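Contents: one structure, followed by commentary.
Everything quoted here is computed from the prediction, not taken from an experiment. Reckoned from all heavy atoms, side chains included, excluding hydrogens, waters and symmetry mates.
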Amino acid sequence: IGSGDILLGTSIGLLLGSTGTLTALFLTYIIGAIAASLLILMKRVGESRTIAFGPFLSCGAIVALLFGERLIVEYQRLLF
């Protein structure tokens with residue numbers, strides 16, 4: 001995570017609030033892990049290359065902005 005990612009994360013936090021930010025970060029890591037796994041399996045990225053985190057932060061924020069409340073409700077429904 002670079003300094004640009006920190007600034008982007010701060011902006012996302014101001015936009016979404018605390019609950020939305022946690023949802024966005026959760027989604028960011030899930031989306032990033034899936035994408036990175038696919039890139040590694042397809043041999044598009046080697047061990048010595050890095051993958052930018054900013055696009056995943058943006059994608060997670062957009063999904064949290066559009067569907068965050070619904071995802072939280074469904075997740076809570078699964079727990080209880």
Original post:
With Ile12, which of Leu15, Thr10, Leu8 fulfils side-chain contact (heavy atoms from CB on, under 4.5 Å)?
Top reply: Leu8
Subject >> Which atom of Gly20 lies closest to which atom of Ala64, heavy atoms considered >> reply: O-CB, 3.9 Å
Original post:
Under a 4.5 Å side-chain heavy-atom rule over Ile, Leu, Val, Met, Phe, Trp and Tyr, are Phe56 and Val45 clustered together?
Top reply: yes
Original post:
Would one find more than 12 heavy atoms of other residues, nucleotides or ligands at under 6.0 Å from atom CZ of Phe53?
Top reply: yes
Original post:
With a 4.5 Å heavy-atom cut-off, do Glu69 and Val73 have their side chains touching?
Top reply: no
Original post:
Do Ile40 and Ile34 sit in the same hydrophobic cluster, where Ile, Leu, Val, Met, Phe, Trp and Tyr count as joined when their side-chain heavy atoms come under 4.5 Å apart?
Top reply: no
Original post:
Are Leu71 and Leu27 close enough, and set up right, to give a side-chain contact (heavy atoms from CB on, under 4.5 Å), and what steps lead you there?
Top reply: CA-CA 10 Å; Leu71 290 171; Leu27 292 169; 3.9 Å; yes
Original post:
Can you get from Leu65 to Leu22 by hopping between Ile, Leu, Val, Met, Phe, Trp and Tyr side chains that sit under 4.5 Å apart?
Top reply: no
Original post:
Which heavy atom of Arg44 sits nearest a heavy atom of Arg49, and at what distance?
Top reply: O-NH1, 4.0 Å
**OP:** List the atom of Ala24, the atom of Ala61, and the distance in Å for their closest heavy-atom pair.
**Re:** CB-CA, 3.9 Å
Original post:
Hey, which of Ile6, Ile31, Asp5, Ile1 is the one that makes side-chain contact (heavy atoms from CB on, under 4.5 Å) with Leu57?
Top reply: Asp5
Subject >> Cluster link Phe26 to Tyr75, ILVMFWY, side chain under 4.5 Å >> reply: no
